[in-house]
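Below: one structure, written as structure tokens.
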Amino acid sequence: MMLEQDNGLSLAIAQIVQRLKGSSLHSQLERQARGSLHKPEIKLESLKEDIKEFLKTSGWEKKLQNAVYSELSVFPSPCHPAAPPEHIKEPLVYMRKAQGSWEKRILKSLNSMCTELNIPLAQKRPIGEQKELLNKWNEMGTDEPDLSLFRPVYAPKDFLEVLMNLRNPNYENGDQPSFRNHLGLIQVPLKVKDIPELRDSFSELGLTTGQLGIDDSTQVPPELFENEHVRVGQIVLTEQDSAAAQQYVRQGCPTALRAELWALILNISNQPEDILYYEQLKSNVIQHDLLVDSLIYKDVKLTASNDDYYFVFEDYLYQVLLCFSRDTSVLEHFSYNSATPPKSYIRGKLGMEEYAVFYPPNGVIPFHGFSMYVAPLCFLYHEPSKLYQIFREMYVRFFFRLHSISSHPSGIVSLCLLFETLLQTHLPQLFYHLREIGAQPLRISFKWMVRAFSGYLATDQLLLLWDRILGYNSLEILAVLAAAVFAFRAVNLMEVTSLAAAEAVLADLSTLKVMPLLQIFLFATVT
Amino acid sequence: MAGKVKWVTDIEKSVLINNFEKRGWIQVAENEDWNFYWMSVQTIRNVFSVETGYRLSDDQIVNHFPNHYELTRKDLMVKNIKRYRKELEKEGSPLAERDENGKYIYLDFVPVTFMLPADYNLFVEEFRKNPSSTWIMKPCGKAQGKGIFLINKLSQIKKWSRDSKTSSFVSQSSKEAYVISLYINNPLLIGGKKFDLRLYVLVSTYRPLRCYMYKLGFCRFCTVKYTPSTSELDNMFVHLTNVAIQKHGDDYNHIHGGKWTVSNLRLYLESTRGKEVTSKLFDEIHWIIVQSLKAVAPIVKLGKYLDELMHPLEDLCIPQGCVYLLLRTTALNDLPVMNNDKHCFECYGYDIIIDDKLKPWLIEVNASPSLTSSTANDRILKYNLINDTLNIAVPNGEIPDCKWNKSPPKEVLGNYEILYDEEMAQSDGADRDLRSRSGQSIGLKGNRARDSVKHVLTTWK
């Protein structure tokens with residue numbers, strides 16, 4: 001046993017070293033080490049120790065720690081050394097197959113739109129248009145291109161239909177459908193946590209621990225919790241420790257510290273080379289026009305532009321999403337994403353691998369509501385390149401799991417199953433009633449979870465929720481919140497007699513307070 | 001007295017009428033016996049004018065103070081604030097302290113303003129100090145952004161120089177009078193867009209001053225990107241934030257109406273600028289509102305004298321307007337006094353702009369803030385605004401008795417918060433550190449100097 005663990009550990013170390021080796025942090029560390037040779041405290045006899053000590057006191061060791069922590073958080077732990085790459089993307093074959101066919105459908109839809117409208121997937125912009133776009137870069141929202149012929153490639157409800165039809169071919173459930181079986185829409189046997197396990201995972205949300213979102217309300221004197229929490233937050237920021245920050249935000253971020261804390265957890269430092277990279281992406285946008293650009297425009301116009309909270313930031317959304325589509329560094333995340341970036345071929349060279357490119361360059365085809373992943377971040381970051389990096393990191397750590405088919409505990413399939421199981425176990429009467437009237441709860445809550453509740457909650461509440469996503473490095477809280485919302489409105493829901501009426505009861509979540517709902521559901525409900 | 005409140009209005013807005021009806025009040029005509037009249041500003045002029053000799057009885061309430069224009073006309077507001085500052089300075093009040101450049105430290109919240117054509121020469125002098133500055137011309141008597149334009153060259157306002165030689169006793173038709181203010185060309189931008197703040201303030205009495213701030217104010221965004229470039233000076237969509245103007249722009253959206261709640265603003269500023277500067281900004285906003293009200297509530301003893309004089313004169317059945325005019329023309333020519341008629345309350349719409357150094361500027365005060373709703377949210381907000389206003393002004397929804405002390409219990413405030421209560425301030429004296437949490441610090445917090453200064457002010461009368 002010990003030997004296996006050791007092998008696992010050394011494998012992990014080897015992989016992390018491999019990934020960090022070519023990074024800018026590596027060259028900075030080398031430079032710092034070399035520069036330190038001049039210092040009097042560095043002695044030849046104890047060179048190694050002295051340099052290590054120097055790196056520690058100058059804060060560079062902390063930066064390395066943060067980078068390693070980041071790698072650990074993002075990349076899955078390596079399994080058996082003989083596991084093929086597909087296994088790392090998604091271990092279950094049937095899931096991989098389902099994702100593959102879903103992708104084929106999306107690509108087909110995109111290609112047919114392309115053919116119908118006779119617009120190429122990508123083309124170079126004429127110089128005049130390039131100049132115009134550059135001038136209008138900060139106010140693309142005032143542009144009114146004709147988007148009437150474009151339609152989103154898919155909407156969350158299309159995706160739900162696919163998930164509903166997922167079946168594990170190796171799983172034979174011979175029983176007749178009964179109360180003991182799962183009554184919901186998701187019919188695959190994935191392991192999800194029950195309430196005792198969730199209480200354990202989310203122990204910091206317990207009744208006896210202070211929380212922002214509850215214990216900072218006007219009636220509570222700040223000496224009881226808030227002041228101390230803010231003080232600790234400031235210390236965490238001074239120490240610049242990612243792991244400590246991640247632990248800290250489980251109790252919520254003070255509004256004034258949130259932007260920096262998230263950047264610390266996501267290990268974003270906005271170095272000059274990062275800004276340069278963003279400018280490079282911007283010039284790619286200026287030079288080439290992609291079909292997905294129109295999809296992005298349409299999505300922003302349909303969603304964020306009409307949102308009470310986010311309409312102000314419309315222009316930032318274009319600046320982020322257009323660049324995002326062209327960012328090939330995003331392709332790296334496909335090594336642990338069950339999805340595979342779509343390939344397209346230069347005109348006339350269909351099937352010839354030498355003429356294959358990923359389309360869009362970042363491999364991510366936006367769907368209806370995609371821009372809402374970016375919108376809340378605009379409340380925190382007003383500098384475009386930083387906003388961009390934060391969003392990109394959030395996407396490759398979390399958001400991608402919300403629209404790809406996988407067995408990961410934070411994947412949308414598991415979240416749906418977790419939601420349905422929690423509801424069926426703890427509110428069976430409600431679940432049964434809604435099912436009987438043709439209002440399967442998941443039909444209503446699916447869109448909340450796919451969007452991580454963006455656009456449904458008030459922004460300050462949403463940010464408190466996303467604090468916990470970062471703090472626990474998991475999206476499970478979305479499913480718990482969805483169940484908690486149903487529990488909260490259970491009385492009204494028991495009285496409805498149609499899906500439309502149920503939707504109406506749950507149409508407006510903007511007055512909800514997220515943390516009390518979560519706390520009550522997890523810790524104050526009799527199980 | 002049993003019976004339902006009888007109401008009249010000359011403003012046909014559903015947010016008003018629905019509120020009256022939900023209280024079970026009865027609609028009557030103007031010439032009948034009424035208890036509550038929600039009137040337009042034209043009507044209030046008639047009610048209190050000398051000619052009509054209207055007398056309000058103890059069970060009648062109206063929604064305007066007779067001379068609200070001391071605050072709500074752009075030129076008079078500036079005049080009153082300037083006068084107020086000078087008086088404080090004369091008395092040696094620490095509030096009127098100036099910095100090394102001669103600017104008031106605590107009372108510099110109105111952009112430099114001149115009346116035209118009266119102050120034309122003074123304006124030219126100031127203009128020449130900063131020839132590249134932009135100025136905004138506003139007609140004194142109009143609203144909703146009508147007749148406003150920007151200038152950056154003296155030639156653009158040549159015609160107001162013609163009358164400057166005439167004596168100041170020649171009365172100018174209020175239609176031609178303009179104010180010209182230094183344009184704030186470094187407004188705080190959010191998402192690259194300019195905005196202003198609309199805050200609602202209810203005044204139930206000026207002496208003692210008792211005012212409430214509505215927690216649900218909002219920001220009005222310009223639909224077009226802000227640019228200080230001179231070529232865009234004529235594009236009103238860039239510069240003016242009045243909804244009436246923005247509504248006709250190409251990008252006007254009917255779902256959110258270009259409006260943001262003040263709590264969104266607060267969240268954004270705290271997240272991007274920090275908590276201290278945000279709290280300081282909101283403290284300053286409360287401060288300038290209270291100071292503007294104090295500027296028109298008289299601060300000299302004569303004001304009190306006026307109140308005491310009113311009672312015996314009323315008993316002699318002399319119309320109030322007549323009394324007021326008499327006093328004004330005899331002894332008090334230069335002292336604008338807000339007639340603190342006990343039959344009145346007023347809900348003002350304050351327009352404030354924040355510059356990029358997070359300093360708030362008072363642009364103007366509206367006596368008749370628009371009750372038209374541009375979006376669904378808007379309708380709800382205005383409905384609730386009227387509802388909470390009526391709860392404070394007409395307690396329990398019963399027939400009013402103007403002899404009451406105008407001190408409503410805390411429970412009826414709804415979305416209002418006490419902004420300043422002179423009586424409470426004087427009796428309490430020491431710190432009333434109303435905590436600023438969800439962020440509505442009510443005008444008494446602030447930096448050390450100001451605290452002590454306010455302490456002085458409240459005990460000083």
Side-chain angles (χ1 to χ4, degrees), chain A residues 135-144 216-223 226 230 233-234 253-262 301-317 319 375-384 386-387 458-464 510, chain B residues 188-195 215 218-227 232 235 237-238 249-261 263-279 356 375-378 380-381 417 433-441:
Chain A
N135 283 340
K136 268 216 292 255
W137 181 254
N138 289 324
E139 45 185 43
M140 285 185 271
T142 52
D143 226 359
E144 286 289 343
D216 55 335
S217 74
T218 29
Q219 292 83 25
V220 181
E223 303 86 57
E226 196 183 351
V230 173
Q234 278 156 345
C253 292
T255 45
L257 305 181
R258 179 176 280 126
E260 284 181 63
L261 283 165
W262 285 21
K301 288 287 183 202
L302 285 177
T303 57
S305 299
N306 292 328
D307 188 291
D308 289 337
Y309 296 93
Y310 306 122
F311 73 89
V312 175
F313 304 112
E314 185 183 343
D315 296 325
Y316 287 7
L317 298 181
Q319 292 174 31
L377 303 173
C378 297
F379 267 81
L380 302 175
Y381 306 99
H382 55 270
E383 205 265 291
K386 190 147 190 198
L387 174 63
T459 307
D460 64 321
Q461 295 300 308
L462 184 79
L463 294 173
L464 288 168
S510 60
Chain B
L188 175 67
L189 300 180
I190 298 186
K193 300 183 171 69
K194 176 179 161 164
F195 68 98
K215 285 190 257 191
F218 49 88
C219 306
R220 297 178 293 204
F221 281 87
C222 286
T223 50
V224 176
K225 229 19 179 246
Y226 176 75
T227 160
E232 287 293 338
N235 183 350
F237 295 117
V238 174
D250 280 334
D251 286 328
Y252 183 77
N253 181 296
H254 291 270
I255 295 181
H256 50 71
K259 289 181 180 166
W260 232 26
T261 60
S263 48
N264 275 345
L265 175 66
R266 196 164 186 123
L267 177 64
Y268 175 80
L269 289 177
E270 276 185 11
S271 303
T272 53
R273 303 274 200 139
K275 197 156 186 159
E276 292 74 32
V277 299
T278 307
S279 296
D356 61 12
T375 66
N377 280 343
D378 215 30
I380 296 172
L381 181 132
E417 269 178 331
D433 197 28
L434 290 176
R435 290 182 172 287
S436 149
R437 291 303 218 115
S438 54
Q440 300 293 330
S441 159

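Lettering of chains follows the sequences in order, A, B, ..., and the numbering in each one begins at 1. Note that the structure is a prediction, hence the values are computed from the model and not measured.
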Side chains of A/Thr255 and B/Leu267 in contact at under 4.5 Å (non-hydrogen atoms): yes
Among all residues two or more places apart in sequence or in another chain, which pass the side-chain hydrogen bond (donor to acceptor under 3.5 Å, both in side chains) test with A/Thr459? A/Tyr310
What are the two closest non-hydrogen atoms of A/Ala256 and B/Gly274, and how far apart are they? CB-CA, 4.0 Å
So what's closer than 4.5 Å to chain B heavy atoms on A/Leu463: side chain, backbone, both or neither? side chain
Do A/Tyr309 and B/Tyr268 have ring centroids that are under 6.0 Å from one another? no
Contacts of type side-chain hydrogen bond (donor to acceptor under 3.5 Å, both in side chains), residue B/Trp260, not counting sequence neighbours: none
Report which part of A/Cys253 has an atom under 4.5 Å of a heavy atom belonging to chain B: side chain, backbone, both, or neither. neither
Nearest-0.5 Å distance, CD of residue B/Glu270 to CG of residue A/Asp460: 10.5 Å
Indicate the atoms forming the closest heavy-atom contact of B/Gly258 with A/Phe311, along with that distance. C-CZ, 3.4 Å
Give me the atom names and distance for the closest heavy-atom approach of B/Ser271 to A/Ala259. O-CB, 4.1 Å
Salt-bridge present (B/Lys193, A/Asp315; N to O < 4.0 Å): yes
Would you say the side chain of A/Phe313 lies within less than 4.5 Å of the side chain of B/Ile190, judging by non-hydrogen atoms? yes
